[in-house]
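Atoms within each ligand, like the ligands themselves, are counted from 1 in listed order.
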Amino acid sequence: MHPFSYEKVTNEHEALERARLGNATFVAGGTTLVDLMKLNVEVPTALVDINGLPLNQIEDRSDGSIRIGALVRNGDLAHDSRIQSRYRVLSEAILAGASAQLRNMATTGGNLMQRTRCYYFRDPVYPCNKRQPGAGCAAMDGYNRIHAILGASDTCIATHPSDMAVALVALDASVHIRAANGERVVPITEFHLLPGDTPDRETVIRPGELITYVTLPSGPFGPRSAYVKLRDRASYEFALASAAVALQLEGTTVRSARVALGGVATKPWRALEAEQVLTGAAANKATFLNAADAALTGAVPRRHNAYKIELAKRAVVRALADALTH
Ligand code: SF4
């Protein structure tokens with residue numbers, strides 16, 4: 001492990017000041033960062049510990065939205081009664097991820113920033129454009145069973161690992177980002193970037209910027225939402241395919257819908273084509289099958305991951321059926 005400095009800060013101003021020094025990185029739960037530092041994949045020269053910032057509350061807002069502090073632990077968020085009743089898909093997605101111990105440490109902001117589980121990225125022996133731009137990609141012609149079938153580029157086919165972020169896409173969440181010159185608010189669908197020619201850039205966060213909050217709009221979906229995660233084992237495993245869905249019904253007709261995919265794309269993936277199929281259609285199995293087909297129309301499989309197309313379709317159908325019965 002490379003040498004680094006460590007400092008605790010107690011307010012946002014201090015955090016932003018420290019983050020401007022050298023190759024500094026914020027640390028909160030540390031559940032991804034510390035692993036990657038041990039592997040020499042992340043090599044910050046300074047760790048700025050932000051656990052002392054007052055960003056650990058889940059607050060009701062006067063407009064009906066909910067504001068989640070960036071330091072709210074994943075476990076606390078998943079078990080919050082407001083989240084369970086009004087944003088069920090978010091609670092289900094978080095509880096499908098990691099282990100109880102990790103969820104008790106991992107934070108809302110850190111979850112958004114977690115990095116891919118591509119095994120070539122995590123092993124510096126292999127070439128990886130995400131770890132070292134221009135080095136090549138060992139996964140393209142390597143063993144790519146866990147890799148992306150949506151949103152890939154010629155430089156990177158790594159999947160985004162978060163369950164929580166997929167649910168946030170289905171809920172039209174926004175991310176609040178603080179910089180030295182003010183705050184900006186980014187829709188969750190624009191927060192993560194496609195790899196394109198710069199797979200090392202994964203989010204719109206610029207050096208020295210800090211995630212402060214995530215907001216959930218009151219929205220029309222309420223509790224009629226669900227998350228289905230399919231993986232190699234039943235717990236403590238990343239998704240091979242997952243679906244977060246939310247439905248607004250008018251009688252037995254879908255008035256509006258959100259469909260997002262995880263485990264199959266290079267970023268949390270909003271499936272607009274599926275939403276179009278659902279909107280105005282009868283809420284039944286035939287519609288759900290059509291929506292699942294639409295969600296995967298743009299999929300491009302690699303040598304070992306064509307199975308993900310059918311797997312993701314089944315996740316979509318099951319999630320829609322679950323949401324209907326909630
Ligand atoms: Fe690196 Fe992306 Fe290739 Fe994995 S898929 S080896 S993360 S460039």
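- Atom 1 (Fe) of ligand 1 has an N, O or S atom of C128 inside 2.8 Å of it.
- Residue contacts with ligand 1 include T155, since one of its heavy atoms falls under 4.0 Å from the ligand.
- Using a distance-only test at 3.5 Å, with no hydrogens or angles considered, a donor-acceptor pair links the side chain of S162 to the main chain of M164.
- Applying the 6.0 Å contact sphere to CZ of R303 captures no more than 12 heavy atoms from other residues, nucleotides or ligands.
- Defined by atom type and a distance below 3.5 Å, a donor-acceptor pair is present between the side-chain atoms of D63 and S65.
- Residue F121 approaches ligand 1 through these ligand atoms, each under 4.0 Å from one of its heavy atoms: 7 (S).
- Protein heavy atom closest to atom 6 (S) of ligand 1, with residue, atom name and distance, is Y120 CB, 3.5 Å.
- No side-chain donor-acceptor contact under 3.5 Å links T266 and H160.
- The aromatic ring centres of H147 and Y119 sit less than 6.0 Å apart.
- Atom 2 (Fe) of ligand 1 has its closest protein heavy atom at C156 SG, 2.4 Å.
- Scanning the protein heavy atoms around atom 3 (Fe) of ligand 1, the nearest turns out to be C137 SG, 2.3 Å.
- With hydrogens and angles left out, the side-chain atoms of N111 and Q114 include a donor and acceptor closer than 3.5 Å.
- Taking 2.8 Å as the threshold, C118 counts as a candidate ligand of atom 4 (Fe) of ligand 1, since one of its N, O or S atoms lies below it.
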